[in-house]
Number of protein chains: 2
Amino acid sequence: MKAKATLKQIAKELNVSVSTVSKALNDSPEISEQTKVKIKEYAKLKNYKPNVIGLNLKNRKTKTIGVIIPNILNSFFAKVFSGIEKVADKKGYNVITCISNESLEKEIHTLEMLSNGTIDGFILSVSEEAQKLQDYSHFSAIINDGTPIVMFDRIADEVECDKVVVDDFDSALNSTQHLIDLGCKNIALISSVDNLSVGKLRADGYLKALKDNNISVNDNIIIRTDSEEDMKSKIDGIFDHKIDGIFALEENDSVAALRMSLKKGFKVPEDISIIGFADGILASRRLSPSLTTVSQHGIEIGEVAAKKLIERLEETEEETSNYETIVIKTKLKERESTRKK
Amino acid sequence: MKAKATLKQIAKELNVSVSTVSKALNDSPEISEQTKVKIKEYAKLKNYKPNVIGLNLKNRKTKTIGVIIPNILNSFFAKVFSGIEKVADKKGYNVITCISNESLEKEIHTLEMLSNGTIDGFILSVSEEAQKLQDYSHFSAIINDGTPIVMFDRIADEVECDKVVVDDFDSALNSTQHLIDLGCKNIALISSVDNLSVGKLRADGYLKALKDNNISVNDNIIIRTDSEEDMKSKIDGIFDHKIDGIFALEENDSVAALRMSLKKGFKVPEDISIIGFADGILASRRLSPSLTTVSQHGIEIGEVAAKKLIERLEETEEETSNYETIVIKTKLKERESTRKK
DNA sequence: CAAAATTATGAAAACGTTTTCGACTACCTG
DNA sequence: CAGGTAGTCGAAAACGTTTTCATAATTTTG
């Protein structure tokens, strides 16, 4: 366990001052070539690397981004994260990641923990609990303290900050319309995320599409819940009614819809066409039949969010711009689970 | 953009010294109740939180762990990460995460970037490129500088540090034996990770099982490669030969084996039994039939690695223990893709 | 009432940097 | 030779803490 080299040590061992060492290593013209060479060689020998904390303290920033993700095992968030990391790395930023596990308390705790100089700004998606309780005051507090936040996917409308979202309403509207265009008359809705902002928007899009086409809403084939158990107990029920299409609002729901259809003896897409939100890891190519999905472009969301935050961090006092909400368009990826009747 | 409160500011505004403020907020007995109350109230009003960087600099540690993961979109790594994060949070540590994307250069870059005071220690899984080139010198350099490393899953034998692994050889041996016990005579091997340490160990386990049972090795039904394309072009071929069992060494391989079997018209598990390494997100429950897998306990690996590192970080000079290699036992989870003949 | 003990506060150093400014030498110029 | 100018280098401050030690004021003690 060697002690790490510092400017001070090097200075002492070479009988020069700390400032001389610092300048030499930074190639300042004030220092003679001779001593520069001497110091640089010695520094290399000692494997000197400037301690970032000293620098951070001096610059009063850390070039580090805090990311709070509700659940890393959800592949959508994993994708977003990978987008963030990519951009951050390119721009010389580090990424501190915390997982809120959908808990409001952990979310607050993380915010507190990191907003003390550890990070320069946050990128986050609101936890389920916070959305359920509509409790967003902790975000405003952080922003007021001068730490910028960029929210993505699950956002809080009443918090003033930059946001990156998918056009949930329109995507759902279009997807449902697509099922209708394929000839579906009885389209079931399956949502296990009805407590989330995105879940509500998507459900609204579905309803709007039905209304636009003068299709009456059949509550028997609509599941809107926020619990896995509830979902499991209800999903059987919808197959007792006539169904020729399913629109699922979340990745797990999509896969569940497919499996259940097959298990109940329906053929997909012959009997039932299925479209689901999903970012492509679970669903898509690996299933038989593969699922037609609304692709959320997770990586792109992460990239855009990171760019926005870094832009915000690096703007000067004068050029502070207004908060922005960036909408990423989804894309319907047609695969094997949909077909014209 | 309010300026954040500092000790200095508070001191000035209350006409006391910085040290008094610091002591008051830390409840030092040196300070009178009266001034304590006054200072604490004012601090609360100003929403004062001690700047961590000042502390870090003073303590010469950051209570932050650096995690380097080859690929976050791989659900095994996502699970490990979630285990790490859980333990770290409980013990009051932050987690800085970087993704090497299997690149040696990014791995080195990350190591350099973070080992300058930003983090106290690393938890990492070696990138594919480093394993291919057998280039591990960058790890030793970091360790020599006094920054501890805990490696997991993909490890480098020649680097002296703590390690957390799965019993790859034994797992493969047992899984293959299990297929044999089920009555399989012609067991194919599918590996797209033959360049990785874990891939080699697993393949060796497979071969040993065959040998133990006096089954001759049939190279026609063995695919060992390190490229996706190569895999795609070869996988068709093995079905031209007699096969009644498949052992797949990686999550993607497992799913591919299942899909391909079905596509080729075989029934699983009636015609072919399949066992694959997988941590349960992609494969397992969601597929039909669901896959019998060797479960790697990703979350537990992460937890154990984090515990080990933190233990290492917090031990004193005298109590430094020897490096340890911790083996996590895998578990064979029987599902629908295996059956006795 | 003087000396000692207690109590409350502040000054300064330390952590590792960068940067501004001042100081010293040697040389050149008029 | 006085004065100016490069060319080198070092001292000190700053970032935000904590902590040790000194100082001042007050109280207790003999």
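Letters A, B, ... mirror the listed sequences (proteins, then strands); counts begin at 1.
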Please enumerate all protein N or O atoms sitting under 3.5 Å from an N or O of nucleotides 19-28 of chain C, with distances to 0.1 Å.
residue: C:dT20; atom: O4; partner: A:Lys23; partner atom: NZ; Å: 3.3

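- When DNA chain D is scanned in the 5' to 3' direction for atoms under 4.0 Å from non-hydrogen atoms of chain A, the outermost contacting nucleotides are D:dT8 to D:dG16.
- Residues in residues 88-100 of chain B take part in these salt bridge (Lys or Arg N to Asp or Glu O under 4.0 Å) pairs, two or more places apart or across chains: A:Lys106-B:Asp89.
- No hydrogens or angles considered: a donor-acceptor pair under 3.5 Å links the side chains of B:Thr97 and A:Thr97.
- With salt bridges taken as basic N to acidic carboxylate O contacts below 4.0 Å, none links B:Glu324 and B:Arg312.
- Checked against side-chain hydrogen bond (donor to acceptor under 3.5 Å, both in side chains), A:Glu314 has the following partners two or more places apart in sequence or in another chain: A:Tyr93.
- Residue B:Ile53 is out of contact with every strand shown, counting any heavy-atom pair closer than 4.0 Å.
- Taking A:Ser197 as the reference, A:Gln131 meet the side-chain hydrogen bond (donor to acceptor under 3.5 Å, both in side chains) condition, with sequence neighbours excluded.
- Applying the side-chain contact (heavy atoms from CB on, under 4.5 Å) test to A:Lys86 and every residue at least two apart in sequence or in another chain returns A:Glu303.
- Residue pairs meeting the salt bridge (Lys or Arg N to Asp or Glu O under 4.0 Å) criterion with at least one partner in residues 55-74 of chain B, sequence neighbours excluded, are absent.
- Proximity of A:Glu158 to A:Phe139: side-chain heavy atoms (C-beta onward) are nowhere separated by under 4.5 Å.
- For the contact set between residues 33-43 of chain B and DNA chain C, defined by any heavy atom under 4.0 Å, the members are B:Thr35.
- Legend: residues meeting side-chain contact (heavy atoms from CB on, under 4.5 Å) with B:Asn116, ordered by chain and number and at least two apart, are A:Lys49, A:Val52.
- Other residues, nucleotides and ligands contribute more than 12 heavy atoms inside 6.0 Å of the CD atom of A:Glu13.
- The side-chain hydrogen bond (donor to acceptor under 3.5 Å, both in side chains) check on B:Glu30 picks up B:Lys23, with sequence neighbours excluded.
- For B:Asp135, the side-chain hydrogen bond (donor to acceptor under 3.5 Å, both in side chains) criterion is met by B:Ser137, not counting sequence neighbours.
- Where B:Val16 and A:Lys8 each meet DNA chain C at their nearest nucleotide, the meeting point lying more 5' is that of B:Val16.
- Between A:Glu33 and A:Lys36, at least one side-chain nitrogen of the basic residue sits less than 4.0 Å from a carboxylate oxygen of the acidic one, meeting the salt-bridge criterion.
- Comparing the end axes of the helix from C:dC1-D:dG30 to C:dG30-D:dC1, each fitted to five base pairs by superposing C1' atoms of four pairs onto the next four, gives an inter-axis angle of 80° (nearest 10 degrees).
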